[in-house]
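Notes for the one structure printed next.
Values in this document were obtained by computation on a predicted structure and should not be read as measured data.
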Amino acid sequence: MSNGQNEKCPICGEITSSYMGHYRKDGLCRDHAAQFKAGKIEQCERCGAWHKAGGACKCQSFKKPTYEKDASSELYCIICGNPSNGKHFCLDCWNTYKNRSVDIRITNCKETQILDAYGNKDIKCPDGRYVRSRAEALIISWLWEKRIRVIYEECIYYRDKETGETKELHPDFYLPDYDLYIEYNELSNKKYLRSKEYVMAIYKEKNKKVIIMTDEDLKDISRCLCPILNI
């Protein structure tokens with residue numbers, strides 16, 4: 001920089017010149033040069049800005065805040081909202097849904113609502129809906145081809161005789177024009193048979209019509225359903 005070249009003080013904006021001496025090499029005015037010489041101000045090595053000596057530069061005031069972990073804090077299950085011992089899921093929900101995909105709605109980070117507790121609904125049918133198994137897709141596709149209205153997993157509410165709690169039953173298909181429910185299951189183990197008896201008792205108590213389809217019925221759906229639907 002040549003002698004006498006003018007520039008502005010980076011602190012106050014006052015016009016200064018480089019011939020004023022060593023402390024003017026940074027463009028400081030007379031007053032701020034004197035403060036620098038006296039050790040009252042300093043230049044930030046990080047951003048180059050000037051600030052009060054011993055103090056923090058503005059560029060260091062935007063650090064991300066740090067939070068100390070509160071040992072008394074508790075996480076709650078994101079599905080049911082119950083205490084979860086520091087986990088995202090309580091033990092009951094973990095055991096229930098660990099092998100499924102569950103859809104939930106979270107409102108205001110406070111309320112949760114289970115939209116789909118069974119999960120794995122990823123097979124697309126001709127009418128655009130998604131079901132959970134290829135067997136269900138075959139049945140709903142057949143009904144769609146016959147132009148028969150069908151509701152997938154229509155909810156039935158019932159009261160548990162042992163606990164008195166209100167529970168939900170989700171039949172595979174409901175045909176509103178026939179007031180008929182269709183359940184599909186190929187299982188034949190003892191656990192399923194006991195569950196089947198329990199479910200059939202609910203249908204009987206609710207005076208609902210239901211038919212159970214198996215893998216054998218899938219070989220010829222028309223033979224199974226046409227006589228029942230009179231088509």
According to salt bridge (Lys or Arg N to Asp or Glu O under 4.0 Å), who are the partners of K208, at least two apart in sequence or on a separate chain? none
Ring pair (Phe, Tyr, Trp, His ring centres under 6.0 Å) involving Y181 - partner list, sequence neighbours excluded: Y174, Y203
Side chain to side chain contact (heavy atoms under 4.5 Å, CB included) between E205 and R159, intermediate numbers included: CA-CA 10 Å; E205 181 183 349; R159 185 174 297 278; over 6 Å; no
How long is the span from the CD1 atom in I182 to the CG atom in L143, to the nearest 0.5 Å? 5.5 Å
I'd like to check I139 versus D172 (side-chain heavy atoms, cut-off strictly below 4.5 Å). Are they in contact? no
Between S84 and C77 the two heavy atoms that sit nearest each other are OG-N, 3.5 Å
L169 and I202: side chain to side chain contact (heavy atoms under 4.5 Å, CB included), yes or no, with the steps? CA-CA 9 Å; L169 181 66; I202 296 174; 4.1 Å; yes
Contacts of type side chain to side chain contact (heavy atoms under 4.5 Å, CB included), residue W144, not counting sequence neighbours: P126, D127, R147
Rounded to the nearest 0.5 Å, what separates atom CD1 in I228 from atom CZ in R223? 12.0 Å
Here the pair of heavy atoms bringing I123 nearest to S133 is CD1-C, 3.4 Å
ring-ring contact (aromatic ring centres under 6.0 Å, His included) partners of residues 212-231, not counting sequence neighbours, each pair once: none
Can you confirm whether L175 sits close enough to L229 that some side-chain heavy atom of one is under 4.5 Å from a side-chain heavy atom of the other? yes
Does T166 have any side-chain hydrogen bond (donor to acceptor under 3.5 Å, both in side chains) partners at least two apart in sequence or in another chain, and if so, which? none
As an exercise, state the distance from CZ of R132 to OH of Y184, rounded to the nearest 0.5 Å. 15.0 Å
For N82, which residues count as a side-chain hydrogen bond (donor to acceptor under 3.5 Å, both in side chains) partner, sequence neighbours excluded? none
Distance col, row L218:CG vs E136:CD, nearest 0.5 angstrom, shows 10.0 Å
Is K204 salt-bridged to E197, cutoff N-O under 4.0 Å? no
Residue set satisfying salt bridge (Lys or Arg N to Asp or Glu O under 4.0 Å) with D177, at least two apart, ordered chain then number -> R149
Show your working on side chain to side chain contact (heavy atoms under 4.5 Å, CB included) between L180 and V210 and close with a plain yes or no. CA-CA 6 Å; L180 174 69; V210 60; 5.6 Å; no
Side chain to side chain contact (heavy atoms under 4.5 Å, CB included) partners for Q35, two or more places apart: H32, K40, I41
Enter the distance from N230:CG to L225:CG here, rounded to the nearest 0.5 Å. 11.5 Å
Closest approach of V131 to A137 (non-hydrogen atoms, all atoms of both residues): CG2-N, 3.7 Å
Same apolar cluster (I L V M F W Y, side chains within < 4.5 Å links), F173/Y157: no
Please tell me whether Y130 and V150 are part of a single hydrophobic cluster in this structure, the criterion being side-chain heavy atoms less than 4.5 Å apart. no
Test salt bridge (Lys or Arg N to Asp or Glu O under 4.0 Å) applied to K219 - qualifying residues, sequence neighbours left out: E216
Please enumerate all residues that pass side chain to side chain contact (heavy atoms under 4.5 Å, CB included) together with N95, with sequence neighbours excluded. L91, K98
Side chain to side chain contact (heavy atoms under 4.5 Å, CB included) between Y152 and H170, intermediate numbers included: CA-CA 9 Å; Y152 185 58; H170 295 270; over 6 Å; no
Can you name the salt bridge (Lys or Arg N to Asp or Glu O under 4.0 Å) partners of D92, sequence neighbours left out? none
Would you check if the side chain of D160 reaches a backbone N or O of E165 as a donor-acceptor pair within less than 3.5 Å? no
Might you point out which heavy atoms bring L138 and I221 nearest each other, and give the distance in Å? O-CD1, 3.7 Å
For C224, side chain to side chain contact (heavy atoms under 4.5 Å, CB included) partners two or more places apart: M213, D217
Measure the CD-OG distance between E145 and S222 for me, rounded to the nearest 0.5 Å. 8.5 Å
